[in-house]
Chemist: 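Please read through the structure below; I'll follow up with questions.
Residues: numbered from 1 along the sequence shown. Computation of the quantities below employed the complete heavy-atom set of this structure, encompassing side-chain atoms and omitting hydrogens, waters and symmetry-equivalent molecules.
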Amino acid sequence: MKEVNIRVFWELLLRNLRPILVVMAVVAIIFAAYTSAFTDDTYSSQCSMYVMNITEDAAGETTGISASGLDASQKMVNEYIAILQSTRVMSRVSDILTAQGHSITAASVRGALTMTAVDETALLQVTAVSGNPQLSKDICDALQACAPEEVNEVMLRIGHVSPVDTASIGTKSKPPVVRNGIFGALVGLALSYGFFLMGYLLDNTVKEEKDLKDRFEVNVLGAVPSFNTGMDRKPAKKKKGGKKEETKAEPKTETKTKAKTNEKGGK
């Protein structure tokens with residue numbers, strides 16, 4: 001098998017740079033055009049909730065939140081996200097939406113929701129994306145409605161989630177044309193470069209002395225250079241009818257002179 005190293009990779013890339021760039025541009029345009037023409041419009045709505053770590057005394061009274069409690073709340077945001085994304089909570093959100101006239105499953109609700117912590121704080125940002133602006137808002141509202149009760153029940157009354165702001169009607173999100181175009185360019189690069197790389201690996205012709213040594217394990221004593229520059233032949237002339245006429249080489253002057261001398265002597 002041929003040896004492949006960084007130098008070979010760069011040589012293949014530079015040698016075939018023009019066709020590779022053409023393929024990248026074509027595939028990128030195809031991906032971007034497909035995204036722009038066939039991707040459905042989506043609408044996103046956002047809301048936020050505050051995560052609190054609550055402590056209770058023996059009498060069941062809630063104490064004030066200390067600095068350590070705030071630090072614990074920040075560290076537990078990911079645990080709260082896992083609870084809110086559970087099948088139990090998603091099923092309850094789906095039931096609320098179904099009662100409102102939407103037809104959506106728990107799996108679809110989970111796919112529409114994205115939950116992230118806000119800059120290492122105890123704030124939890126919720127984003128719902130769907131093909132209906134009202135549905136995106138209703139998903140956020142339904143999650144805010146059931147989140148406090150579900151979190152309290154799972155965390156055994158030591159955790160609490162409080163809504164901070166309500167969601168608004170979903171706003172239209174632009175299709176990711178640029179992102180998909182860049183992805184298409186990378187796909188074109190992989191396909192075109194892979195084609196040339198496979199051609200290099202499958203090429204078994206001998207091009208230099210090193211190929212002989214590697215393939216047949218023999219030492220090369222010498223190489224005969226080629227001096228054929230292609231200048232010996234004269235270009236063919238064309239007739240008026242379009243056919244090519246080969247140029248005949250005229251005999252040398254010395255030969256003509258000798259021929260004439262023999263003719264005179266013969267006479």
Side-chain angles (χ1 to χ4, degrees), residues 39-176 178-179:
T39 302
D40 296 332
D41 295 335
T42 57
Y43 301 86
S44 62
S45 183
Q46 291 183 345
C47 65
S48 58
M49 294 180 284
Y50 189 77
V51 175
M52 290 180 289
N53 184 29
I54 301 174
T55 57
E56 295 182 355
D57 55 17
E61 296 181 357
T62 303
T63 59
I65 300 177
S66 60
S68 60
L70 290 173
D71 184 62
S73 297
Q74 297 175 8
K75 294 180 179 179
M76 292 179 67
V77 170
N78 290 331
E79 296 184 15
Y80 283 77
I81 292 175
I83 293 173
L84 294 177
Q85 288 180 338
S86 64
T87 303
R88 173 179 173 175
V89 178
M90 294 294 100
S91 298
R92 185 170 176 183
V93 172
S94 176
D95 294 339
I96 296 174
L97 295 173
T98 302
Q100 295 175 354
H102 299 290
S103 178
I104 186 170
T105 62
S108 298
V109 172
R110 183 184 290 109
L113 284 171
T114 302
M115 305 181 194
T116 56
V118 180
D119 298 332
E120 298 182 357
T121 64
L123 283 175
L124 175 61
Q125 186 175 25
V126 179
T127 303
V129 179
S130 69
N132 187 331
Q134 186 61 45
L135 176 60
S136 299
K137 177 183 185 305
D138 292 343
I139 290 175
C140 292
D141 293 340
L143 182 64
Q144 283 186 325
C146 64
E149 181 181 350
E150 294 293 337
V151 169
N152 286 337
E153 187 171 350
V154 174
M155 300 294 291
L156 300 177
R157 300 184 182 280
I158 63 172
H160 182 68
V161 174
S162 177
V164 176
D165 54 6
T166 58
S168 58
I169 296 293
T171 57
K172 185 177 180 180
S173 303
K174 295 182 179 179
V178 177
R179 184 188 66 186

Chemist: For Gly170 and Ser45, which heavy atoms make the closest approach, and how far apart are they?
Modeler: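 Heavy atoms only, the tightest pair is CA-CB, 4.1 Å.
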Chemist: Do Thr171 and Ser44 make a side-chain contact, defined as non-hydrogen atoms from C-beta onward lying under 4.5 Å apart?
Modeler: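 Counting from C-beta outward, Thr171 and Ser44 do come under 4.5 Å.
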Chemist: Rounded at 0.5 Å granularity, tell me how far NZ in Lys137 sits from CG in Asn132.
Modeler: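 If I round to the nearest 0.5 Å, the distance is 12.5 Å.
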Chemist: I'd like to know if the side chain of Glu150 reaches the main chain of Arg88, judged simply by a donor and an acceptor atom lying under 3.5 Å from each other, with no hydrogens or angles considered.
Modeler: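 No, Glu150 side chain to Arg88 backbone: no donor-acceptor pair under 3.5 Å.
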Chemist: Taking all heavy atoms of Pro163 and all of Met49, pick out the closest pair and write down the distance.
Modeler: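 Scanning both residues, the minimum pair turns out to be CA-CG, 3.9 Å.
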Chemist: Is there side-chain contact between Val109 and Leu97, with at least one heavy-atom pair below 4.5 Å?
Modeler: yes
Chemist: Do the side-chain N and O atoms of Ser130 and Ser136 include a donor-acceptor pair separated by under 3.5 angstrom?
Modeler: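 Yes.
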Chemist: Nearest 0.5 Å please: distance from the SG atom of Cys146 over to the CG atom of Asp141.
Modeler: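 CG of Asp141 is found 11.0 Å from SG of Cys146.
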Chemist: Distance check, rounded to the nearest 0.5 Å: Gln100 atom CD versus Asp138 atom CG?
Modeler: 4.5 Å
Chemist: Let's go through Val89 and Ser86 carefully: what are the C-alpha distance in whole Å and the side-chain angles of both, what is the deciding distance for side chain to side chain contact (heavy atoms under 4.5 Å, CB included) to 0.1 Å, and is it a yes or a no?
Modeler: CA-CA 6 Å; Val89 178; Ser86 64; 3.5 Å; yes
Chemist: Check whether any side-chain heavy atom of Val161 sits under 4.5 Å from a side-chain heavy atom of Tyr50, and report yes or no.
Modeler: no
Chemist: Using a 3.5 Å distance criterion without hydrogens, assess whether the side chain of Asp165 forms a donor-acceptor pair with backbone atoms of Cys47.
Modeler: no
Chemist: Apply the test side chain to side chain contact (heavy atoms under 4.5 Å, CB included) to residues Ile139 and Leu143: give CA-CA distance (whole Å), side-chain angles for both, the deciding distance (0.1 Å), then the verdict.
Modeler: CA-CA 6 Å; Ile139 290 175; Leu143 182 64; 5.6 Å; no
Chemist: Strictly by modelled atom types, are Ser91 and Ser94 linked by a side-chain donor-acceptor pair under 3.5 Å?
Modeler: no
Chemist: Working to the nearest 0.5 angstrom, can you tell me the gap between Gln144 CD and Leu124 CG?
Modeler: 10.0 Å
Chemist: Does any N or O in the side chain of Thr127 come within less than 3.5 Å of the main-chain N or O of Gln46, such that one atom is a donor and the other an acceptor?
Modeler: no
Chemist: Minimum heavy-atom separation for Pro133 to Ile169, with atom names?
Modeler: CB-CG2, 3.8 Å
Chemist: In Å and rounded to the nearest 0.5 Å, what is the OG1 to CG distance from Thr116 to Leu123?
Modeler: 10.5 Å
Chemist: Give the C-alpha distance, both sets of side-chain angles, the deciding distance and a yes or no for side chain to side chain contact (heavy atoms under 4.5 Å, CB included) between Leu113 and Met90.
Modeler: CA-CA 10 Å; Leu113 284 171; Met90 294 294 100; 3.8 Å; yes
Chemist: Looking only at heavy atoms, what is the nearest atom pair of Ile81 and Ala117, with distance?
Modeler: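 So the two residues come closest at CD1-N, 4.5 Å.
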Chemist: Should Arg92 and Glu149 be marked as a side chain to side chain contact (heavy atoms under 4.5 Å, CB included) after you check the CA-CA gap, both sets of side-chain angles, and the distance that decides it?
Modeler: CA-CA 11 Å; Arg92 185 170 176 183; Glu149 181 181 350; 3.0 Å; yes
Chemist: To the nearest 0.5 Å, tell me how far Ile83 CD1 sits from Met115 CE.
Modeler: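 Going from CD1 on Ile83 over to CE on Met115, the span is 11.0 Å.
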